[in-house]
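Below, chain A is the first sequence line, B the second, and so on; all start at residue 1. All heavy atoms count here, side chains included; hydrogens, waters and symmetry mates do not.
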There are 2 protein chains.
Amino acid sequence: MPATIRDVAKYANVGVGTVSRVLNNNPSVSDETRLKVLAAIKDLDYHPNPIARQLSTGRTLTIGVILPYLTMPSYVERLRGVQRALAGTEYDLILFSVESPAQRDAFFEDISRSPRADGILIISLPPEDQQARRLANSQVPVVLVDAYHPELCSVLIDDIQGGRMITEYLIQLGHQKIAFLGDYLETPFHPSMRYRFQGYQEALQEAGITYSPEYLAEGTNERSTARRLAKQLLSLENPPTAIFAGCDTQAIGVLDAAREMGIRVPEALSVIGYDGIRDAEYLNLTTVEQHLFDSGVEGVQLLLEALDQTIPEPRKKYIPIELVVRGTTAPPLA
Amino acid sequence: MPATIRDVAKYANVGVGTVSRVLNNNPSVSDETRLKVLAAIKDLDYHPNPIARQLSTGRTLTIGVILPYLTMPSYVERLRGVQRALAGTEYDLILFSVESPAQRDAFFEDISRSPRADGILIISLPPEDQQARRLANSQVPVVLVDAYHPELCSVLIDDIQGGRMITEYLIQLGHQKIAFLGDYLETPFHPSMRYRFQGYQEALQEAGITYSPEYLAEGTNERSTARRLAKQLLSLENPPTAIFAGCDTQAIGVLDAAREMGIRVPEALSVIGYDGIRDAEYLNLTTVEQHLFDSGVEGVQLLLEALDQTIPEPRKKYIPIELVVRGTTAPPLA
DNA sequence: CTGAAAGCGCTAACAA
DNA sequence: TTGTTAGCGCTTTCAG
């Protein structure tokens with residue numbers, strides 16, 4: 001049975017209030033009694049019960065992080081940023097991993113009301129309007145990372161600009177036949193893929209290149225799916241000379257396809273990814289670096305500010321992106 | 001101000017005890033009052049306060065996970081297993097990320113006594129004797145994953161056997177000049193590298209091959225360091241025909257070195273890693289698969305059992321390893 | 001089957 | 001500067 005504050009008080013011949021004051025570094029304790037109490041704490045190997053403290057103060061000293069199941073490297077990288085930013089603070093991190101839309105909804109429902117955490121960080125899970133309203137009206141501040149809703153604070157990446165950036169770069173290299181291979185655009189789950197595609201279309205249009213629907217390949221976010229889709233693209237009568245993959249994992253699938261079909265990269269085919277995961281570096285893949293780590297750090301920053309202030313007006317913060325040119329892109333064969 | 005159990009009781013014209021019983025599915029409540037209470041709960045949008053419940057019951061419904069900062073993919077993979085195994089249970093996961101030995105010690109100290117969590121999972125952080133004793137004597141059950149101490153439950157991998165397995169395989173392919181490139185062996189932090197090296201030495205000895213110290217390269221666990229060390233090994237007067245890298249990341253550095261030096265893999269050099277991270281698959285790297293995910297799952301399993309039983313006798317569970325032969329190993333050139 | 005009341009371990013307001 | 005006491009919101013006896 002661990003010692004309680006009462007045990008310490010009795011042992012030191014003081015009241016529990018005094019012990020509490022010592023615990024919380026309240027200056028109005030004489031040095032003498034302070035020492036007495038500290039000695040008692042040591043003798044009894046006393047450690048305050050955080051749960052009791054939480055109930056009493058109303059603060060949990062905990063930040064809840066809700067994110068999709070850790071399969072994608074990009075989630076991990078963001079989480080790492082969160083972790084790091086939290087390390088210097090007094091807050092612990094409690095992790096809620098979402099494995100299905102139903103579970104996501106359940107978390108959103110629950111968390112907004114029960115004071116399990118003093119603040120909530122939601123990563124890569126855009127809430128629906130009604131959920132966002134609940135979250136906004138709840139007692140705990142909420143910050144979205146890699147997701148957006150007008151009523152909430154968010155840290156995000158301009159995916160439209162990213163899509164443009166990639167496409168413009170390819171056009172500038174001389175490519176005209178540029179395919180887009182990404183997730184299903186229609187999924188309501190996360191719109192970033194749609195935005196990247198939008199940027200792609202805008203850049204094409206501005207360059208006077210007609211968008212060709214046969215250059216759009218949609219599929220699940222898996223290497224093998226991407227490989228299959230890339231093979232289809234490359235088997236077209238008039239195949240693309242460059243493929244813009246919606247994420248690095250898909251770009252890797254494209255590289256697989258090219259290798260298997262004997263198509264040389266970057267000579268005969270330019271491939272470009274999106275994300276900047278570690279694998280991209282290993283594979284010398286040209287990509288758009290998203291600074292995922294920083295997005296986690298910034299998310300925490302925003303949350304901590306919201307915890308301080310009483311006015312959590314919805315703020316937006318953009319993380320800049322950056323084109324990283326590596327070895328999988330080159331001018332077309334002419 | 002969120003509604004409390006008292007509000008609900010008042011609203012439904014019952015005692016708080018009854019509301020509590022409804023909340024906890026206590027059968028001794030008449031259907032009539034139950035419905036009345038449920039209606040009140042709904043009307044007031046009441047959600048029980050988990051903190052108060054925790055203080056009252058003494059259970060936090062939380063599992064604490066202590067692990068090194070999430071830089072290495074292997075930690076993430078193990079965490080993912082933990083996550084998954086916990087998903088079906090009533091437990092949440094609170095994450096303590098260790099960024100320094102001092103912080104590790106602090107966590108070990110603190111956590112063993114304060115009931116922040118009902119159980120603790122420690123990943124890849126072997127405790128010292130004194131710490132282990134404290135942990136073993138504390139109220140909360142503790143399970144080590146990828147770490148061992150006689151006084152505690154643990155889930156581990158037989159690294160000696162892994163080192164042997166790799167070395168025997170290379171010998172069987174016909175290699176005689178086998179180098180070992182790994183972390184500094186003398187670090188007291190985590191001994192797995194030492195064990196792998198030990199397996200390597202044992203296998204050499206059993207095959208009658210004399211161990212040559214110049215075939216040992218030690219360095220930090222980074223791709224670039226490994227590349228540098230590999231270059232040194234390959235520049236020896238009598239260079240190895242095979243390199244056993246202590247982990248996949250280091251193996252990737254070795255591949256870098258070979259590429260830069262124009263040494264063909266696997267024809268002129270066999271390279272083998274350890275871990276089975278995703279990158280290994282991308283790069284077609286022969287490696288020892290550790291089933292990292294499973295180690296997390298098993299750790300949770302052990303912990304949940306310990307939470308049920310009152311007798312937490314220290315148990316050990318080995319996760320089998322598996323040699324995955326891919327494209328970076330072949331017989332030597334003869 | 002149900003209400004009242006006593007804690008869980010701590011903080012903080014109030015007296016002294 | 002200190003001790004006492006009233007909660008924090010819930011669970012769980014104990015009567016009834």
Side-chain angles (χ1 to χ4, degrees), chain A residues 1-41 44-62 90 110 113-118 139-140, chain B residues 1-41 44-62 90 110 113-118 139-140:
Chain A
M1 222 37 192
T4 75
I5 197 172
R6 246 187 298 266
D7 299 327
V8 176
K10 206 168 295 172
Y11 188 94
N13 278 316
V14 298
V16 289
T18 303
V19 178
S20 175
R21 279 183 276 263
V22 172
L23 252 30
N24 295 287
N25 291 314
N26 187 320
S28 59
V29 180
S30 76
D31 283 354
E32 193 189 1
T33 39
R34 179 183 303 277
L35 287 174
K36 220 166 47 179
V37 170
L38 287 174
I41 288 175
L44 299 175
D45 193 26
Y46 165 75
H47 285 242
N49 180 329
I51 305 292
R53 181 175 283 178
Q54 286 169 31
L55 182 59
S56 189
T57 58
R59 297 183 68 197
T60 64
L61 294 186
T62 295
E90 52 186 349
D110 246 47
R113 271 164 302 214
S114 18
R116 286 190 67 70
D118 295 337
Q139 297 302 314
V140 291
Chain B
M1 222 37 193
T4 75
I5 197 171
R6 245 186 300 265
D7 300 328
V8 176
K10 207 169 293 169
Y11 188 94
N13 277 315
V14 297
V16 289
T18 303
V19 178
S20 175
R21 279 183 274 262
V22 171
L23 252 30
N24 295 287
N25 290 314
N26 187 320
S28 58
V29 180
S30 76
D31 283 354
E32 193 189 2
T33 38
R34 178 183 303 277
L35 286 174
K36 220 166 48 181
V37 170
L38 288 175
I41 288 176
L44 299 175
D45 194 25
Y46 165 73
H47 285 243
N49 180 327
I51 306 291
R53 182 175 283 179
Q54 287 169 29
L55 182 59
S56 189
T57 58
R59 298 183 68 196
T60 64
L61 294 185
T62 294
E90 52 186 349
D110 247 48
R113 271 162 303 215
S114 19
R116 283 191 68 69
D118 296 336
Q139 298 300 315
V140 291

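For the atom pair CG of A:Asn49 and CD of B:Gln54, the computed distance is 9.5 Å after rounding to the nearest 0.5 Å. For the atom pair A:Asp31 CG and A:Leu38 CG, the distance stands at 10.0 Å (nearest 0.5 Å). With rounding to the nearest 0.5 Å, the separation of CD1 in B:Ile5 from NZ in B:Lys10 is 12.5 Å. Put simply, CG on A:Leu55 and CZ on B:Arg53 are 13.0 Å apart, with the number rounded to the nearest 0.5 Å. The OG1 atom of A:Thr4 sits 9.5 Å away from the CG atom of A:Leu44 when rounded to the nearest 0.5 Å. We find the CD1-CZ distance between A:Ile51 and B:Arg59 to be 12.5 Å, quoted to the nearest 0.5 Å.
Across all their heavy atoms, B:Tyr46 and B:Ala3 have their closest contact at CD1-O, 3.2 Å.
Summarising the geometry, the separation between CD on B:Gln54 and P on C:dC8 is reported as 17 Å, rounded to the nearest angstrom. Atom CZ in A:Arg21 sits about 12 Å away from atom C1' in C:dA15, given to the nearest Å. Between the CG atom of A:Leu61 and the P atom of C:dT11 there is a distance of 11 Å, rounded to whole Å. With rounding to whole Å, A:Lys10 atom NZ is found 15 Å from D:dG3 atom C1'. Between the CZ atom of B:Arg59 and the P atom of D:dC10 there is a distance of 18 Å, given to the nearest Å.
Both B:Asn13 and A:Ser20 lie near DNA chain C, and the one whose nearest nucleotide falls closer to the 5' end is B:Asn13.
A sub-4.0 Å separation between OP1 or OP2 of D:dG3 and a side-chain N or O of A:Thr18 is present.
In the helix from C:dC1-D:dG16 to C:dA16-D:dT1, the rotation axis of the first five pairs and that of the last five pairs differ in direction by 50°, rounded to 10 degrees.
Within residues 24-35 of chain A, the residues that place at least one heavy atom under 4.0 Å from DNA chain C are, in residue-number order, A:Asn24.
Within the 4.0 angstrom heavy-atom criterion, only backbone atoms of the sugar-phosphate kind lie near A:Val14; the bases stay farther away.
Not a single donor-acceptor pair under 3.5 Å links the side chain of B:Ser56 to the backbone N or O of B:Ala52. Side-chain atoms of B:Thr60 come within 3.5 Å of backbone atoms of B:Asp118 as a donor-acceptor pair (strictly under, hydrogens ignored).
No more than 12 heavy atoms of other residues, nucleotides or ligands sit less than 6.0 Å from atom CD of A:Glu32. In B:Lys36, the NZ atom is crowded: over 12 heavy atoms of neighbouring residues, nucleotides or ligands sit closer than 6.0 Å.
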Enumerate all atom pairs, one protein N or O and one N or O from nucleotides 7-9 of chain D, separated by less than 3.5 Å.
residue, atom, partner, partner atom, Å
D:dG7, N2, A:Ser56, OG, 3.2
D:dC8, O2, A:Ser56, N, 3.4
D:dG9, N2, B:Ala52, O, 3.3

